[in-house]
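Each remark here refers to the structure printed beneath this line.
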Amino acid sequence: MKAEMQKTSQCSSFSQRVKKIIQKIPKGKVATYGQVAVYAGHPRAARQVVWILNSSSRKDKLPWHRVINRKGSISLKPGYGYEIQKGLLRKEGVKFGKDDKIDFDLYLWIPS
DNA sequence: CAACTGACGATAG
DNA sequence: CCTATCGCCAGTT
């Protein structure tokens with residue numbers, strides 16, 4: 001019986017799941033593209049997550065600024081959202097190192 | 001329908 | 001440490 005397939009939702013596409021996961025990221029925390037992809041069920045769909053942020057953030061209110069790359073820094077280019085994302089994160093209490101890096105030990109979101 | 005793209009990730013050198 | 005390359009998936013053109 002496949003009726004046990006997650007009682008609540010989960011029947012959506014990967015993209016839909018990614019959106020939900022991103023919305024689950026608590027304030028003051030951050031997640032990586034790869035991390036989100038893993039929780040969505042696709043360990044290597046980090047690039048897909050990127051696409052979704054671009055696509056969905058315009059329609060839905062996604063905390064896209066809480067999603068960063070593996071290095072703990074912002075991947076956007078200066079003038080293309082970099083400053084905006086950094087500012088939003090700082091407002092939520094996330095601090096950046098001297099290399100514009102975020103300390104994962106303090107801010108990485110871990111859905112338990 | 002095929003090729004291209006996108007804010008990545010991991011591995012190899 | 002850095003660059004280069006492949007892989008990954010879905011949406012656009």
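In this text the structure is predicted, and so the values were computed from the model without any measurement. The chains referred to below are lettered A, B, ... by the order of the sequence lines, with proteins before strands, and numbering in each begins at 1.
- The distance between atom CD1 of A:Ile84 and atom C1' of B:dA7, rounded to the nearest whole Å, is 13 Å.
- Which of B:dA10, B:dA7, C:dC9 sits closest to the side chain of A:Leu76 comes down to B:dA7.
- If you measure from atom CZ of A:Arg70 to atom P of B:dC8, you get 14 Å, rounded to the nearest angstrom.
- At least one donor-acceptor pair under 3.5 Å links the side chain of A:Asn69 to the backbone N or O of A:Lys71.
- Seen from the ring of A:Phe96, A:Lys86 counts as a face-on cation partner, given the 6.0 Å and 45° thresholds.
- One can place CZ of A:Phe14 at 13 Å from C1' of B:dG6, the figure rounded to the nearest angstrom.
- The separation between A:Tyr39 atom OH and B:dC8 atom P is 19 Å, rounded to whole Å.
- A:Asn54 contributes a side-chain N or O that, together with a main-chain N or O of A:Val50, makes up a donor-acceptor pair within less than 3.5 Å.
- Heavy atoms of A:Arg47 sit under 4.0 angstrom from at least one base atom.
- Across the protein-nucleic acid pair, A:Trp64 atom CH2 and B:dC8 atom P stand 13 Å apart, rounded to whole Å.
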Give the intermediate values and the outcome of salt bridge (charged side-chain N to carboxylate O under 4.0 Å, His left out) for residues A:Glu92 and A:Arg66.
CA-CA 10 Å; A:Glu92 299 187 345; A:Arg66 291 185 188 142; 2.8 Å; yes
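- Between A:Ser73 and A:Asp100, the side chains place no donor N or O within less than 3.5 Å of an acceptor N or O (distance only, hydrogens not considered).
- Residue side chain A:Gln48 reaches the base of B:dG6 through a donor-acceptor N/O pair under 3.5 Å, judged by distance alone.
- A straight line from CH2 of A:Trp51 to P of B:dG9 spans 19 Å, rounded to a whole angstrom.
- Each of B:dA7, B:dG9, B:dG6 was ranked by its minimum atom distance to the side chain of A:Asn69; first place goes to B:dG9.
- If you take CG of A:Asn54 and P of B:dT5, they are 15 Å apart, rounded to a whole angstrom.
- Of the candidates B:dG6, C:dC9, C:dC8, C:dC8 carries the atom nearest the A:Arg44 side chain, counting heavy atoms from C-beta on.
- One interatomic measurement links the two molecules: NE2 of A:His42 to P of C:dC9, which rounds to 7 Å at whole-angstrom precision.
- Distances shown here put a side-chain N or O of A:Ser75 below 4.0 Å from the OP1 or OP2 atom of B:dC8.
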